[in-house]
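These values consider heavy atoms only, across backbone and side chains, with no hydrogens, waters or symmetry-generated copies.
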Amino acid sequence: MRRSRTGARTVPRTRKARLKVARVDPWSVMKVGFLLSIALGICTVVAVAVLWMVMDAMGVFAAVGGTVSEATSSDGGGGFDLQGFLSLPRVLTFTSLIAVIDVVLMTALATLGAFIYNMSAGLVGGVEVTLAEDE
């Protein structure tokens, strides 16, 4: 708090500014959207890998795989090998493919969102933001 010359406390002033976001640059939105979707894709792949390792360490795949193999077996042969089908390399390959598709879609949707915002801001004036600064 400030003190005046007489020693009494003064109330701090708050400066305010009202701004309008009338336009966003689609190129910068595309770059930021791309980087954020890359980060989300990496997080997705790491999370799936960790989840797979935890489930494998707990024996979930062995237990469920045994049940599925027993349920799908016939008189002449064995059943479906779930553990071989859900191996870590296969799961990570599928997850990486989904992450790449997600990166492309999120980048395109963010850029499309910037174009749509610019068109709607031209009609209604944009978003109004009030910034405040305490001294």
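- Using a 4.5 Å cut-off on side-chain heavy atoms (C-beta onward), Arg18 and Val129 make no contact.
- One hydrophobic cluster, built from ILVMFWY side chains closer than 4.5 Å, holds both Leu88 and Val48.
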Side chain to side chain contact (heavy atoms under 4.5 Å, CB included) between Val60 and Asp56, worked out: CA-CA 6 Å; Val60 171; Asp56 189 47; over 6 Å; no
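- Taken to the nearest 0.5 Å, the CZ atom of Arg15 stands 4.0 Å off from the CD atom of Glu133.
- Leu36 is not listed as a side-chain neighbour of Leu40, based on a closest heavy-atom distance of 4.5 Å or more.
- Among all heavy-atom pairs drawn from Ala110 and Val29, the shortest one is O-CG1, 3.3 Å.
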Side chain to side chain contact (heavy atoms under 4.5 Å, CB included) assessment of Leu35 paired with Lys31: CA-CA 6 Å; Leu35 290 177; Lys31 290 188 291 187; 5.7 Å; no
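- Heavy-atom contacts from other residues, nucleotides or ligands closer than 6.0 Å to CZ of Phe34 number 12 or fewer.
- A continuous path of ILVMFWY side-chain contacts below 4.5 Å connects Met58 to Trp52, so both sit in one hydrophobic cluster.
- Contact between Ala22 and Ala121 at its shortest, heavy atoms only, is O-CB, 3.3 Å.
- Between Leu131 and Lys16, every side-chain heavy-atom pair lies at or beyond the 4.5 Å cut-off.
- Connection of Val103 to Val46 is established within a shared hydrophobic cluster, with ILVMFWY side chains joined at heavy-atom distances below 4.5 Å, either directly or through further cluster members.
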Working for side chain to side chain contact (heavy atoms under 4.5 Å, CB included), residues Thr111 and Trp27: CA-CA 7 Å; Thr111 307; Trp27 178 249; over 6 Å; no
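- How far OG1 of Thr130 is from CG of Leu19: 8.0 Å, rounded to the nearest 0.5 Å.
- Closest approach of Gly126 to Tyr117, counting heavy atoms only: CA-OH, 3.6 Å.
- Leu109 and Val32 are assigned to two separate hydrophobic clusters, defined by single-linkage of ILVMFWY side chains at heavy-atom distances under 4.5 Å.
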Step-by-step side chain to side chain contact (heavy atoms under 4.5 Å, CB included) determination, Val24 to Val21: CA-CA 7 Å; Val24 291; Val21 181; 4.0 Å; yes
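- Atoms CZ and OG, from Phe115 and Ser120 in turn, are 13.0 Å apart once rounded to the nearest 0.5 Å.
- What you find for Gly125 and Lys20 is that their closest heavy atoms are O-CD, 3.6 Å.
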Hey, can you pull the donor-acceptor pairs under 3.5 Å for the side chains in residues 89-102, sequence neighbours left out?
from  : atom 1 : to    : atom 2 : distance (Å)
Thr93 : OG1    : Pro89 : O      : 2.7
Thr95 : OG1    : Val91 : O      : 2.8
Ser96 : OG     : Leu92 : O      : 2.8

